[in-house]
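What follows is a short report on a single structure.
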Amino acid sequence: MAEQRKPRKHATEAAGKIPGMVKAAIIGSGFSANIHAEGYERSPLSELVTASSPTEEHIRSFADKHGLKDYYTDYREMLRSCLLYTSDA
């Protein structure tokens, strides 16, 4: 009979640490940005906290769709305003 394989541990679990929530920001509000946002929303280990797009109407619609309280029309301002560990463009 074949041996049962043990489930792989997340790298931080293997190091004895509990994985934390990744807070993310997205630059852009188009097709790719929506795909990334949906990925962050599906993961229990991530949270989309803000996004930016130069067009006010586009970023407002994106923020409403994804439940974002904060959004920016200048990505540089967004990056200066918060400490990020990951971002997507």
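Computed from a prediction, not measured in an experiment: that's the story for all the values here.
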* Asked: salt bridge (Lys or Arg N to Asp or Glu O under 4.0 Å): which pairs involve residues 50-63, sequence neighbours left out?
  -> Glu56-Arg60
* **Listed partners of His66 passing ring-ring contact (aromatic ring centres under 6.0 Å, His included), at least two apart** => Phe62
* If you look at every heavy atom in Ile59 and Tyr72, which pair is closest and at what distance? -> CG1-O, 3.7 Å
* Work out which heavy atom in His58 is nearest to a heavy atom in Ser29; give both atom names and the distance. => CB-OG, 3.4 Å
* **Separation between CD1 of Ile26 and OG of Ser32, rounded to the nearest 0.5 Å** => 10.0 Å
* Restricting to pairs with a member in residues 37-53, which pass salt bridge (Lys or Arg N to Asp or Glu O under 4.0 Å), not counting sequence neighbours? -> none
* Please walk me through it: do Met78 and Ile27 pass side chain to side chain contact (heavy atoms under 4.5 Å, CB included)? -> CA-CA 9 Å; Met78 178 186 73; Ile27 298 171; 3.7 Å; yes
* To do: Calculate, to the nearest 0.5 Å, the distance between atoms CZ and CG belonging to Arg80 and Asp74 respectively.
  => 6.0 Å
* Asked: Which heavy-atom pair separates Gly28 from Ser53 by the least distance, and what is that distance?
  -> C-CB, 4.3 Å
* **Inter-residue atom distance Leu48.CG - Ser43.OG, 0.5 Å rounding** => 12.0 Å
